[in-house]
Amino acid sequence: MPDNLVIVESPAKAKTIQKFLGNDYKVMSSYGHIRDLHKKDFSIDIDNGFEPIYEIPSDKKALVADLKKAAKQAKTVWLASDEDREGEAISWHLYEVLGLKPENTKRIVFHEITKPAIVEAIKHPRAIDINLVNAQQARRVLDRIVGFELSPVLWKKIKPALSAGRVQSVAVRLIAEREKEIRNFKSEPYYRVTSTMQPEGSQASVAAELNTRLKTHDQAVAFLEACRTARFTVGAVTVKPVKKSPAPPFTTSTLQQEAARKLGFSVSQTMRVAQSLYESGLITYMRTDSLNLSNLALGAIGNEIETTLGKQYLKIRKYHTTSKGAQEAHEAIRPTAIAHRDIEGTAQEKKLYNLIWKRTIASQMADAELERTTVDIAVSNRPEHFTATGEVINFDGFLKVYIESTDADATPADMHTLPPMTTGKGMMARDVTATQRFTQQPARYTEASLVRTLEELGIGRPSTYAPTISTIQARGYVEKGESKGTKRDYEVMMLAGDKIETKRKSELTGAEKGKLLPTDVGMVVNDFLMQYFPSILDYNFTAKVENEFDEIAEGKEVWNNEIGKFYKKFHPDIEKVSALRLEHKVGERVLGNDPKTGKPVSVKIGRFGPVVQLGSKDDDEKPQFASLQKDQSIETITLADALKLFEMPRNLGKFEDADVTVAIGRFGPYVKHNGKFVSIPKTMSPQSITLDEACQLIVDKRESEAKKVIATFAEEPELQVLNGRYGPYISYKKQNFKIPKGKDAAQLTLADVRAIVADESNATKSSARRAARAAATKKPAATKQPATRKKKAAKA
DNA sequence: CAGTGAGCGAGCTTCCGCTTGACTT
């Protein structure tokens, strides 16, 4: 047993450091925090200075026992967790739990996993910084107080199992407020005027645009009329050098953004792939807010650029973070060996690695030098003028390797040159076009753009961006989905030759895919929290408490006092709001009265989501309830639409002596007959479907069911060849397998099928399991009702 | 992807940050 025990946070890191330190050291990992507040209890002694009550979670007990044993055998224990608030606390918990002694415990830190950095760190040990630890305890206790006092208020006033917290509630607020902006947005039309011109005596064509937008149809027509007889002359020609600089190397949030834009990865997908690259030793740590690259890495990158591209492409740069609250315990995300351009791995791993490689290289490359030419073209009978621009790259610099993407809809940087034009030269307009455009509504958040905004606000940490997005979906506050656009007409007027031609065209506007949309529950919870707890939802709340944590870390404030001050203000609000007696349920909207019965109709959040209610609970008769459909919302539903929901279930009549009923279930409208269900296709509506149509659906379903089983085998009842929506497949113990191309499903023998199952399960085991896991974590977000979902999960 | 289909008076639910692992009834 070596004399020295080194404890780091991550096992992959431990492996690397073990190599650097050799046999005199044993390097182990704590796997993050080893101790925390109890999972289920409040675990804060309010009356006793907010003393936290810690426990070692059951899944960490074996690990802690191992660490304890190793610590006993070592002469010196080196606590090498990260140099930030959380890392310091991890070291402190280790010190306490392992029963270490000051004389044989050393605290060391490094910001990069390189041999020189580790060796240097060993030379400069220090003691645990208890002020920094206390700042972490304050952070932990504050989050627990906010989360565990606020959430029960929501259970009581809105719906069980909801949650609120310093980070997630602000994330929901951003999405909810953006949606309100969009709902209130009034699009204004305007006219954009473009022209294809050609210098006199030349065949070259020049794309030019008018320097102002025209407001109305009449103004656009008047302008085109003027152009009919106008002369066009080149005015000022300006040539300006333009420099472009590369983007800094990746942090967690910029990696998530670029992987979303360039590769279409979700935030959690990016982290999963990055984790596997990290574990294979291919990239540095993937949860970081640092832009720093180690000197060792800079040397290697410089060498790579110089030898493959040439010295003129090299420019070593030091980037400094500007993001709020960055703790910079690691390096930026980079390849561990820059000479490796390509790696072995899955397609996703290759793509993500390639992205990281390019970004890292580009960050140390020379600026691109461009020349931008702007030509003004005067219109003889109008004050406005056209402008044509051209761009030439004189030196491509970093553009040779990497161009950062933007969120704006793909507008490729159209690099083009202009033909020679000098002041005074005449221009011919081949055509002049006025196109009606509309001011654009604000864009909804994507996962990645939400992460960017949270980071800008200093809310959340690299390790929590992906989990936060999962949480707000799992709670049903937000859904990832498409918003159907609306069709909009616009006009295009074109002057060609002597004629002005007007065309009407139409486009789809506001259609978005993969965007984060607030649900009714999300909206109601946000409104509620904004009304009663605005200080917690304040975008600056985190920044403010971070300042206090900094004071604690510097030893200027005592953490218990700071939490005490907060609690004194916060807790009475909780008491007050819990005791409120509200006339209507939170978020309830009264739509009017049912014309038939005169009873009131209202919409609100029920136990299982948004419902419409007919009648009041004070009536003699019990009120009737019906769930809102997926595309309906509490805020926008009309009385007429709400009343329609009560028409379900409808009894259409009898078929083969059994009732045929129509209803709307979790997965849309369906026909029920004799205990069997058939989905109603989108082309029909549950309100208008006839008995004949319904019977047809039932018969069709029977037919496809009959065709479903292609082959079964007496020897293996669980093995079947079935006909699915996407063609024939093999089903075996709840798993499905593709049938290889070129084989006739009906002709397969038992041996064939067994071979396919054996082969497929061997070949795709890891990826299939990974996919299953992804689906399992994703599902809760997609379905609407938590209660039924849980039952299912338990069964499965 | 391979098939699902309710209830609105049981119970329990929840935070943020560190880190990876993964029973077979």
Side-chain angles (χ1 to χ4, degrees), chain A residues 8-13 29-37 39-43 59-60 63 81-82 84-87 89-90 93 136 139-155 159-169 275 279 285 287 329 459-464 467-468 471 475 542 604-609 611 613 617 622-627 649 663-672 675-679 708 722-731 734-738 769-773 775-776 783 785-788 790-792 796:
Chain A
V8 297
E9 292 181 34
S10 145
K13 206 191 228 183
S29 159
S30 74
Y31 291 81
H33 278 290
I34 55 153
R35 211 162 62 152
D36 191 14
L37 302 175
K39 220 170 121 85
K40 304 248 166 192
D41 306 340
F42 193 58
S43 293
D59 58 329
K60 287 285 173 97
L63 169 75
S81 50
D82 297 345
D84 55 22
R85 207 160 58 202
E86 297 298 326
I90 288 172
H93 282 300
Q136 192 274 347
R139 198 280 304 155
R140 183 67 190 90
V141 166
L142 176 92
D143 282 336
R144 175 52 68 90
I145 292 174
V146 171
F148 274 41
E149 295 215 337
L150 219 41
S151 300
V153 179
L154 299 180
W155 306 343
K159 188 164 107 79
L162 295 176
S163 67
R166 174 176 58 82
V167 173
Q168 60 169 284
S169 295
Q275 174 88 28
E279 284 172 11
Y285 196 56
R287 290 187 276 264
I459 297 171
R461 306 277 314 130
S463 66
T464 60
T468 299
T471 300
R475 300 278 171 276
T542 291
K604 63 181 174 189
I605 303 290
R607 245 182 106 65
F608 299 94
V611 286
Q613 177 179 338
K617 65 173 190 280
K622 265 195 172 180
Q624 251 185 294
F625 294 94
S627 290
I664 295 165
R666 281 212 282 156
F667 310 99
Y670 64 89
V671 174
K672 193 175 173 189
K676 294 206 174 212
F677 298 89
V678 192
S679 289
K708 188 179 161 192
L722 301 176
N723 220 339
R725 250 164 77 201
Y726 302 88
Y729 67 98
I730 295 164
S731 164
K734 304 264 168 201
Q735 273 203 50
N736 300 315
F737 302 88
K738 271 188 288 189
R769 199 188 290 162
R770 213 177 285 171
R773 214 187 310 142
T783 46
Q785 280 77 9
T788 47
K790 241 176 243 161
K791 270 180 230 153
K792 286 247 168 56

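Within every chain, numbering begins at 1; the chains are lettered A, B, ... in the order of the sequence lines, protein sequences first and strands thereafter.
The glycosidic torsion of B:dG7 lies more than 90° away from 0, which places this base in the anti conformation.
Where stacking is scored as ring centres under 5.5 Å apart with planes under 30°, A:Phe677 does not register as stacked on the base of B:dT4.
Heavy atoms of A:Leu162 sit under 4.0 angstrom from primed sugar atoms or phosphate atoms, though from no base atom. At the heavy-atom level, A:Lys40 lies under 4.0 Å from base atoms of the strands shown.
Residues satisfying the side chain to side chain contact (heavy atoms under 4.5 Å, CB included) criterion with A:Lys672, sequence neighbours excluded, are A:Thr661, A:Tyr670, A:Phe677. Contacts of A:Glu279 classified as side chain to side chain contact (heavy atoms under 4.5 Å, CB included), with partners at least two apart in sequence or in another chain: A:Gln275. By the salt bridge (Lys or Arg N to Asp or Glu O under 4.0 Å) test, A:Asp143 pairs with A:Arg139, A:Arg166, sequence neighbours left out. Contacts of A:Lys13 classified as salt bridge (Lys or Arg N to Asp or Glu O under 4.0 Å), with partners at least two apart in sequence or in another chain: A:Asp82. Residues satisfying the side-chain hydrogen bond (donor to acceptor under 3.5 Å, both in side chains) criterion with A:Glu9, sequence neighbours excluded, are absent altogether. Judged as a side chain to side chain contact (heavy atoms under 4.5 Å, CB included), and not counting sequence neighbours, the contacts of A:Ser163 are A:Ser151, A:Gln168, A:Arg475, A:Tyr477. Annotation: side chain to side chain contact (heavy atoms under 4.5 Å, CB included) contacts of A:Val167 (sequence neighbours excluded): A:Ile459, A:Thr468.
Note: CD1 (A:Ile605) to C1' (B:dT13) measures 17 Å, nearest angstrom. The distance from atom CH2 of A:Trp155 to atom P of B:dG11 is 13 Å, rounded to the nearest whole Å. Distance A:Phe608 CZ to B:dT13 P: 16 Å, rounded to the nearest Å. Rounded to whole Å, the distance from CG on A:Asp59 to P on B:dA22 is 11 Å. Between A:Asp41 atom CG and B:dT13 atom C1' there is a gap of 14 Å when expressed in whole angstrom units.
No side-chain heavy atom of A:Phe608 sits under 4.5 Å from any side-chain heavy atom of A:Lys159. Looking at A:His33 and A:Gln136, their side chains come closer than 4.5 Å, going by heavy atoms from C-beta outward.
Taking atom C1' on both B:dG7 and B:dG11, the two are 16 Å apart, rounded to the nearest angstrom.
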Item to complete: Could you run through nucleotides 15-20 of chain B and give me one letter per nucleotide, 5' to 3': B if any protein heavy atom sits under 4.0 Å from the base, S if only the sugar-phosphate is that close, - if neither?
Response: BBBBBS
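Counting only Watson-Crick and G-U wobble pairs whose two key distances fall under 3.5 Å, DNA chain B forms no stem of three or more pairs.
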